[in-house]
S.K.: 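Here it is: the structure, laid out below.
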Amino acid sequence: MTTLSAAKAGEVAHIETEAEWESALADNDVVIVDFTAQWCGPCRTIGPYFDDLAPQFPNVKFIKVDVDKLEKVAQGAGITAMPTFHVYKGGKKSGELIGASKDKLRALVVEHAGAPTTTDS
């Protein structure tokens with residue numbers, strides 16, 4: 001598990017604190033967020049695919065938020081189901097996907113981040 005401060009381009013950062021959440025949104029142009037939970041079966045299914053997308057879009061910050069560990073963050077983001085994916089640009093939410101569709105997740109990322117720079121998966 002990679003923390004926000006240790007995450008490099010193409011890696012998924014796991015947000016551990018509210019301060020990291022705020023920093024992730026403030027410090028990056030485009031942020032793709034996976035709101036997830038350990039107990040969520042669909043989250044466990046799509047999680048590895050989300051991880052695989054990160055190296056394909058190194059110009060974007062990919063982060064995961066465990067809704068049980070960071071309840072305030074999840075509530076503030078209006079999360080009511082998992083998995084939920086949000087896109088933030090300049091700190092403001094600009095896209096959302098609820099559910100574990102690989103095709104829809106990829107389309108959401110491409111819509112906000114452009115074409116992948118690598119084809120690794």
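Worth saying up front: this structure is predicted, and the values here are computed from it rather than measured.
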S.K.: What I'd like to find out is whether the side chain of E20 reaches to under 4.5 Å of the side chain of T17, using heavy atoms alone.
M.R.: yes

S.K.: When rounded to the nearest 0.5 angstrom, what distance separates OH in Y88 from CG in D29?
M.R.: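 Result: 16.0 Å between the selected atoms.
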
S.K.: With heavy-atom distances below 4.5 Å as the criterion, would you say the side chains of I63 and V31 are in contact?
M.R.: yes

S.K.: Any side-chain heavy-atom pair from L53 and R106 closer than 4.5 angstrom?
M.R.: yes

S.K.: Under the side chain to side chain contact (heavy atoms under 4.5 Å, CB included) test, which residues partner T45, sequence neighbours left out?
M.R.: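 Applying side chain to side chain contact (heavy atoms under 4.5 Å, CB included) to T45 gives none.
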
S.K.: Could you tell me if the side chain of V30 sits less than 4.5 Å from the side chain of K61, heavy atoms only?
M.R.: no

S.K.: How many angstroms lie between CZ in F35 and SG in C40, if you round to the nearest 0.5 Å?
M.R.: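 Output value for this atom pair is 13.5 Å.
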
S.K.: Identify the heavy atoms of P58 and T117 that sit nearest to each other, and give their distance.
M.R.: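 Heavy atoms only, the tightest pair is CD-OG1, 2.9 Å.
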
S.K.: For the atom pair CG (D66) and CD (Q38), what is the distance rounded to the nearest 0.5 Å?
M.R.: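 Output value for this atom pair is 5.5 Å.
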
S.K.: For F50, which residues count as a ring pair (Phe, Tyr, Trp, His ring centres under 6.0 Å) partner, sequence neighbours excluded?
M.R.: F62, F85

S.K.: Which residue pairs pass the disulfide bond (SG atoms under 2.5 Å apart) test with at least one member in residues 58-108, sequence neighbours excluded?
M.R.: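 Listed by first then second residue: nothing to list.
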
S.K.: Which residues satisfy the side chain to side chain donor-acceptor pair (under 3.5 Å) test with D51, sequence neighbours excluded?
M.R.: K64

S.K.: Tell me the closest heavy-atom pair linking A113 and F57, and the distance in Å.
M.R.: CB-CD2, 4.0 Å

S.K.: Taking all atoms of both residues into account, what is the closest heavy-atom pair of D34 and G47, and its distance?
M.R.: OD2-CA, 4.4 Å

S.K.: E96: what forms a side chain to side chain donor-acceptor pair (under 3.5 Å) with it, not counting sequence neighbours?
M.R.: H86, K93

S.K.: Pairs of donor and acceptor atoms involving the side chains of residues 70-82, under 3.5 Å and at least two apart or interchain, shall be tabulated with distances.
M.R.:
none

S.K.: Applying the 4.5 Å side-chain criterion to the ILVMFWY set and letting contacts propagate, would V87 and I98 be lumped into a single cluster?
M.R.: no

S.K.: With P83 as reference, evaluate T36, L97, V67, I46 under the side chain to side chain contact (heavy atoms under 4.5 Å, CB included) test and give the passing residue.
M.R.: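 Testing P83 for a side chain to side chain contact (heavy atoms under 4.5 Å, CB included) against T36, L97, V67, I46 leaves exactly one candidate, I46.
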
S.K.: Could you list all the disulfide bond (SG atoms under 2.5 Å apart) pairs where at least one residue sits in residues 52-81, not counting sequence neighbours?
M.R.: none

